Amino acid sequence: MRAALKVAMAAIFAMPAAAALAKSPDCASWPTNMALVHLKNAGLIDIPSVIDAQTKAVRLASEKIGKDLHQQVYDITFHTRDGKTIEVITKSLASSEECSMSGVDVYVVSTKIGGSAALPSEGTTKKGSGCTEGSRTGVDRSRAALRR
């Protein structure tokens, strides 16, 4: 009985280690570097002007889609010496052996709306609505257009 309990306890304590091995790979460098190349090729950024220390890559999602194959989505923000900020979303495939299991799809974020990162809007806020007067009017116009 004691031997069986020891084996069971060893198996339970080994599970976190096994789960750690199955974690999604940390592959931020591949989509970051490829995003820079795509932005340069599109004429949106000059690579030498990027401040590497301020570049930030945040993994938004990682989904296991095969044996040791993960689809990953990153939000990457670049800052340049001239004060420009460019934000992109990337999607790519990675494994524990190789981060570059696919090309990198790069989507440039032109405007963020809503959420905690939204900048305060111009206009006045209606008490209790959570909307600015300008955005509320825009919503009302959109609804009216849909009814027609």
Side-chain angles (χ1 to χ4, degrees), residues 1-123 125 129-132 134-143 145-146:
M1 179 73 174
R2 271 192 174 189
L5 183 59
K6 284 183 180 178
V7 170
M9 292 299 285
I12 289 170
F13 288 118
M15 281 182 189
L21 294 175
K23 281 186 180 176
S24 177
D26 181 17
C27 287
S29 63
W30 170 248
T32 300
N33 292 334
M34 292 309 298
L36 269 176
V37 170
H38 287 296
L39 290 168
K40 176 190 171 280
N41 291 344
L44 297 174
I45 204 165
D46 180 37
I47 293 176
S49 73
V50 173
I51 305 169
D52 290 330
Q54 291 182 5
T55 297
K56 183 177 178 185
V58 177
R59 186 169 50 198
L60 300 177
S62 183
E63 176 185 15
K64 187 171 183 173
I65 59 171
K67 185 178 179 183
D68 194 27
L69 187 63
H70 299 263
Q71 180 171 275
Q72 297 187 329
V73 178
Y74 282 89
D75 181 349
I76 305 168
T77 306
F78 301 100
H79 299 277
T80 62
R81 295 189 196 327
D82 61 358
K84 194 158 104 175
T85 299
I86 298 178
E87 183 178 8
V88 299
I89 302 293
T90 64
K91 183 183 76 154
S92 59
L93 299 179
S95 74
S96 61
E97 296 293 319
E98 183 64 50
C99 288
S100 59
M101 295 298 289
S102 72
V104 178
D105 295 332
V106 180
Y107 305 91
V108 177
V109 177
S110 61
T111 306
K112 267 192 176 177
I113 56 173
S116 61
L119 297 174
S121 300
E122 293 180 10
T125 302
S129 73
C131 295
T132 63
S135 65
R136 188 169 208 45
T137 305
V139 169
D140 291 341
R141 272 189 252 132
S142 297
R143 287 182 182 158
L146 288 173

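Being a predicted model, the structure only gives us computed values, none of them experimental.
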Nearest-0.5 Å distance, OG1 of residue Thr80 to CD1 of residue Ile47 = 12.5 Å

Answer with yes or no whether the side chains of Glu98 and Ser100 bring together a donor and an acceptor at under 3.5 Å.
-> yes

In sequence, state the C-alpha distance, the side-chain angles, and the governing distance for Val108 and Leu39, and then conclude on side chain to side chain contact (heavy atoms under 4.5 Å, CB included).
-> CA-CA 9 Å; Val108 177; Leu39 290 168; 3.9 Å; yes

Go through Thr85 and Thr77 one step at a time and tell me if the side chain to side chain contact (heavy atoms under 4.5 Å, CB included) criterion holds.
-> CA-CA 7 Å; Thr85 299; Thr77 306; 3.5 Å; yes

Got a second to check how far Gln72's CD is from Lys64's NZ, nearest 0.5 Å?
-> 13.0 Å

Without hydrogens or angle criteria, can the side chains of Ser62 and Ser24 be said to hold a donor-acceptor pair below 3.5 Å?
-> yes

So, for Thr32 and Ala57, which heavy atoms are closest and what is the spacing to 0.1 Å?
-> OG1-CB, 3.7 Å

For residues Met34 and Thr90, determine if any side-chain heavy atom of one lies less than 4.5 Å from a side-chain heavy atom of the other.
-> no

Heavy atoms, side chains only, cut-off 4.5 Å: are Ile89 and Lys91 in contact?
-> no

Rounded distance (nearest 0.5 Å) linking atom CG of Leu69 with atom CE of Met101 | 5.5 Å

Heavy atoms of Ser92 and Trp30 approach each other most closely as OG-CD1, 4.3 Å

Side chain of Tyr74, backbone of Cys27: donor and acceptor closer than 3.5 Å?
-> yes

Could you give the distance from CG (Asp46) to CG (Leu36), rounded to the nearest 0.5 Å?
-> 10.5 Å

Thr55 and Val50: CA distance, side-chain angles, deciding distance, side chain to side chain contact (heavy atoms under 4.5 Å, CB included) verdict = CA-CA 8 Å; Thr55 297; Val50 173; 3.7 Å; yes

Taking Asp68 for its side chain and Ser96 for its backbone only, find out whether a donor-acceptor pair lies under 3.5 Å.
-> yes

Rounded to the nearest 0.5 Å, what separation is found between the CG atom of Leu93 and the CD atom of Glu63?
-> 10.5 Å

Report the distance from atom CZ of Phe78 to atom CG of Leu44, rounding to the nearest 0.5 Å.
-> 11.5 Å

